[in-house]
Structure formats: C-alpha cells, structure tokens
Student: 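Please find one structure pasted underneath; my questions will follow.
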Amino acid sequence: MSAGLYVGLMSGTSLDGVDAVLADFSGPRPKLQADAHRPFPDELRRELLALNSAGGNEIERAARAGTALAGVYADAVAGVLANSGVTAASVQAIGCHGQTVRHRPDAGFTVQLGNPALLAELSGIRVVADFRSRDLAAGGQGAPLVPAFHAAVFASAAEERIVLNLGGIANLSILRPAREAIGFDSGPGNCLLDLWAARHLGHPYDEAGGWAAGALPIAALLERLLAEPYFSAAPPKSTGRDLFNEDWLLAKLAGGEDAQAVQATLVELTARSIADAARRHGPSARRVIACGGGTRNLELMRRLQALLAPAVLEPSDAHGIDPQLVEAAAFAWLAMRALEGAAGNLPAVTGARGPRVLGAIYPA
Ligand SMILES: Nc1ncnc2c1ncn2[C@@H]1O[C@H](COP(=O)(O)OP(=O)(O)O)[C@@H](O)[C@H]1O
Ligand SMILES: [Mg+2]
C-alpha cells in the first residue's frame with residue numbers, strides 16, 4: 001500500500017455533480033495525481049433540490065437518493081483510478097462529503113446523503129463519511145470544515161491570506177501568521193446566481209457571468225438583500241439552502257424588476273457580502289486565494305477584485321491546486337486525518353467545544 005493515497009469526493013450545494021480527486025499526502029505538499037467530474041443526472045439533481053425542503057415520503061426518497069448518489073460517486077472514483085492508473089487496493093480511503101439536504105446547526109443536526117456502505121462495496125475502498133455530525137455533537141456548526149486544509153496548504157508565515165471558496169455557498173478562511181485560522185460561511189456563492197439563471201435562461205448557470213455583465217444592479221433591491229441579518233451576524237456561523245433559496249429571494253423582490261438587472265444585483269450582493277466579511281475579519285490580508293466553480297464567473301470575479309482591492313484576488317492554481325479540486329482535496333485530507341485519529345475541525349471556526357476526530361469509517 002502506498003502510504004498516502006486518498007480519494008476525495010465533494011458534491012456541494014450547487015448540485016452540479018461530484019468532483020473527485022486522487023491526492024498523495026506522503027510528501028510535504030499534497031500532490032493531486034488525477035481528477036474526475038461526474039455531473040448528476042437531471043432527475044437526481046431535481047430530487048436532491050426537492051429534498052432540501054420539507055415534502056412527502058422524505059425518508060424513503062432520501063434513502064433512494066443516497067443510493068443513487070453512491071452510484072455516481074463510485075463512477076467518479078473509478079474515473080480517477082482509471083485516469084491515474086492506481087488500483088483500488090493502493091488507496092487508503094475515500095473521503096466522501098455526501099450531499100447536504102439539510103443544515104440546521106441551530107437544531108443540532110445536519111444531513112448529508114450518500115450511502116457510504118454502498119460506496120465501500122462498489123469501490124472496494126474504505127470510506128470515511130459524515131464528517132460534520134461530530135463537530136455538531138460537540139456544540140459546533142459542523143461547518144465550514146475546509147479551513148483546516150486551507151491552513152495546511154495555503155498559509156504563509158510571511159503574510160495574512162484569505163482563502164475564498166465560491167461554491168453554492170461562499171466560505172472564507174482567514175489565515176494569519178502564527179495565529180489560529182478563522183473561517184465561516186459569508187453567505188451565497190453561486191446558489192442565487194444559479195437559481196435565477198435557471199429560471200430565466202433555462203441553463204444551470206450564467207456562463208462566465210456574461211448575462212449579469214450586461215445590466216446594472218438595482219440599488220433598492222441590493223439594499224433589501226444586504227439587510228439580511230445573517231450577513232452582520234458574528235462567526236461562528238454557517239448556512240445553506242435552508243436560508244438562501246428561491247423563497248428568500250422572491251420575498252425580497254418588489255415585482256416587475258428586469259430579470260437581467262436582478263442577476264446583476266445578485267452578483268453585486270454576492271461580491272459585497274464576501275468583500276464586507278473579508279474586510280471585517282481579515283483586514284490585513286493582501287492576498288485572496290479563490291477556489292470553487294464561481295471562479296469561472298468572470299463578472300463575479302471582476303466585482304470581487306474591485307471590492308477587495310488593494311488585496312489581490314488570485315485563483316488557487318497560482319498556488320498549485322486547480323480551483324475546482326480544492327474542496328475535494330480537503331475531504332481526501334480529512335479522511336486521512338480520521339484514519340490517523342487526528343482532529344479535523346478547528347474549534348475557533350466551528351465553535352465546537354474542542355478539537356474532534358471527524359467522520360464515520362466504513363471498512364472496505
Ligand atoms: N463557466 C462557468 N460560468 C459561470 N459559472 C460557472 C461556470 N462553471 C461553473 N460555474 C459555477 O460553479 C458552480 C459549481 O461550483 P462548485 O465549486 O462545484 O460548487 P459546489 O461546491 O457548491 O458544488 C456552478 O453551479 C456554477 O454556478
Ligand atoms: Mg460542485
């Protein structure tokens with residue numbers, strides 16, 4: 001067995017599909033050997049979206065969706081193994097985040113679907129899953145969990161840095177030399193942009209932000225959106241589709257707004273809420289390292305760079321990791337931590353009572 005080979009699987013709130021990466025952690029810096037992406041079939045995407053809100057026969061539907069997810073996850077694992085030429089037997093474990101359908105830290109629970117037992121059976125590889133529950137059990141938010149990995153790979157002894165993940169939800173890790181990292185969800189990443197684009201363009205996202213770029217934000221609407229109390233709440237905090245969903249947005253519209261101008265407003269909301277949080281919690285940072293699919297939204301990146309200046313905004317490939325693979329690599333790393341019996345959470349980030357070993361292990 002190679003000592004340090006792990007597969008990470010991340011499927012986030014965007015519901016675009018799963019990102020898989022094969023990471024080698026045996027050296028001083030992680031080496032990503034191969035990756036694969038598997039989009040969700042439309043029917044599964046619709047069902048996962050529906051399962052984010054209360055509905056009928058949820059227990060059975062959630063179980064069936066979990067089983068379908070395990071099939072897509074196993075296919076993504078087979079993809080990274082094929083792309084790398086590595087065998088299942090050489091992989092220590094799969095770190096599988098699963099698909100969040102509820103995130104309710106206030107009520108003491110979070111739910112990620114994915115049937116890890118079936119994934120272990122299909123892949124022949126040990127699976128570590130359910131990373132968030134233990135942190136919640138210890139009084140934490142169970143999120144975000146990626147800051148520990150961000151600190152391990154992107155921190156610098158010479159300067160304060162921010163790692164910004166632009167997934168469905170946006171989260172920030174503030175990495176300060178010789179101090180504990182902090183981190184939190186700032187609010188929406190792509191989720192509002194995607195749902196508005198789907199509604200008006202019939203496409204899952206606004207390609208490169210081109211539609212938003214053709215209109216100006218609506219000032220009054222922006223103000224109503226920015227008044228959301230979540231934005232000014234102090235960390236620890238985490239959020240999801242439980243809050244930032246279509247109902248939330250529709251309730252803020254006066255009616256009759258131009259759809260394209262709403263999209264421009266949502267870009268501005270996303271950029272403003274992130275930049276405000278960065279300024280408040282990482283005022284000395286002069287470098288913001290961006291990852292996640294939102295880095296491909298050039299209009300969002302343009303507005304972020306303008307609002308974050310004089311800090312520079314740079315995609316994570318400038319630091320050796322493809323922006324689309326950072327979160328998957330983080331769950332590979334968290335699986336390694338679980339097998340080592342090492343803590344995966346940062347109590348200063350999640351608010352947990354202390355460091356905890358995260359995850360449930362499903363043997364191969
Ligand atoms: N070419 C693109 N133009 C605009 N947005 C994009 C593009 N490619 C990806 N995205 C955005 O990235 C999202 C996926 O990002 P990802 O990091 O996988 O998020 P999550 O972790 O929530 O799944 C898509 O839903 C979309 O909003
Ligand atoms: Mg994704």
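Order of appearance sets the numbers: ligands from 1, and atoms from 1 within every ligand. Note that the structure is predicted; figures quoted are calculated from it, not measured.
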Student: Show which atoms of ligand 1 fall inside a sub-4.0 Å distance from at least one heavy-atom site of Gln324.
Tutor: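 Listed by number with element, the hits are 16 (P), 17 (O), 18 (O).
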Student: I'd like to know if Glu47 pairs up with Arg64 as an ion pair, taking the criterion as any Lys NZ or Arg NE/NH1/NH2 lying under 4.0 Å from an Asp or Glu carboxylate oxygen.
Tutor: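 Here Glu47 does not pair with Arg64 in a salt bridge, since their nearest N and O are not under 4.0 Å apart.
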Student: Quickly, which of Leu44, Leu9, Val18 forms a side-chain contact (heavy atoms from CB on, under 4.5 Å) with Leu69? Name it, please.
Tutor: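 Among Leu44, Leu9, Val18, the one meeting side-chain contact (heavy atoms from CB on, under 4.5 Å) with Leu69 is Leu44.
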Student: Which of the atoms in ligand 1, numbered in the order shown and given with their element, are less than 4.0 Å from a heavy-atom of Gly294?
Tutor: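 Matching atoms, with element in brackets: 12 (O).
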Student: Are Tyr73 and Leu118 close enough that some pair of their side-chain heavy atoms sits under 4.5 Å apart?
Tutor: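 When only atoms from C-beta onward are counted, Leu118 and Tyr73 do not touch, as no gap falls below 4.5 Å.
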Student: Please could you name the atoms of ligand 1 that Ala208 approaches to less than 4.0 Å, counting only its heavy atoms?
Tutor: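 Going through ligand 1 atom by atom, the ones under 4.0 Å from Ala208 are 2 (C), 3 (N), 4 (C).
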Student: With respect to Asn297, determine whether any N or O atom, backbone or side chain, lies less than 3.5 Å from an N or O atom of ligand 1.
Tutor: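 No; every N/O pair is 3.5 Å or more apart.
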Student: Write out all pairs satisfying salt bridge (charged side-chain N to carboxylate O under 4.0 Å, His left out) with one or both partners inside residues 72-83, taking only residues at least two apart or from two chains.
Tutor: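 As it turns out, the salt bridge (charged side-chain N to carboxylate O under 4.0 Å, His left out) pairs with a partner in residues 72-83, which skip direct neighbours, are Arg38-Asp75.
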Student: List ligand 1 atoms under 4.0 Å from Asp194, heavy atoms only on the residue side.
Tutor: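 Listed by number with element, the hits are 24 (C), 25 (O), 26 (C), 27 (O).
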Student: Give me the protein N, O or S atoms that fall under 2.8 Å of the Mg ion (ligand 2), sorted by chain and residue number.
Tutor: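 Only Asp16 OD1 fall inside 2.8 Å of the Mg ion (ligand 2).
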Student: Give me the one residue out of Glu268, Arg272, Arg303 that meets side-chain contact (heavy atoms from CB on, under 4.5 Å) with Pro217.
Tutor: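 Testing each of Glu268, Arg272, Arg303 against Pro217, the sole residue satisfying side-chain contact (heavy atoms from CB on, under 4.5 Å) is Glu268.
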Student: Which atoms form the tightest heavy-atom contact between His97 and Ser11, and what is the distance?
Tutor: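 Closest pair (atom of His97, atom of Ser11, distance): ND1-O, 3.9 Å.
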Student: Tell me whether Ile274 shares a hydrophobic cluster with Leu193, the cluster being built from Ile, Leu, Val, Met, Phe, Trp, Tyr side chains joined at under 4.5 Å.
Tutor: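 Result: yes, single cluster for both.
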Student: Tell me whether Ile169 has any N or O atom under 3.5 angstrom from an N or O of ligand 1.
Tutor: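 No.
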Student: Please identify which atoms of ligand 1 are closer than 4.0 Å to at least one heavy atom of Gly168.
Tutor: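 Near Gly168, meaning under 4.0 Å from one of its heavy atoms, ligand 1 has 19 (O), 20 (P), 22 (O).
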Student: Just wondering, do Glu228 and Leu243 contact through their side chains at under 4.5 Å, heavy atoms?
Tutor: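 Heavy-atom side-chain distance check passes, below 4.5 Å.
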Student: If the threshold is 4.0 Å, N to carboxylate O, is there a salt bridge linking Asp135 and Arg132?
Tutor: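 Judged by the 4.0 Å cut-off on N to carboxylate O distance, Asp135 and Arg132 do not form a salt bridge.
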Student: How does Thr13 reach ligand 1, by side chain, by backbone, by both or by neither, if only non-hydrogen atoms under 4.0 Å count?
Tutor: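 Thr13 to ligand 1: contacts from backbone and side chain alike.
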Student: Taking heavy atoms and a distance under 4.0 Å, where does Asp19 meet ligand 1: side chain, backbone, both or neither?
Tutor: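 It is the side chain that gets close, since no backbone atom is under 4.0 Å.
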Student: Taking the non-hydrogen atoms of Leu298, is any one of them nearer than 4.0 angstrom to ligand 1?
Tutor: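 Flag not set, Leu298 not near ligand 1.
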Student: Could you tell me whether ligand 1 has any atom less than 4.0 Å away from a heavy atom of Glu207?
Tutor: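 True for this residue.
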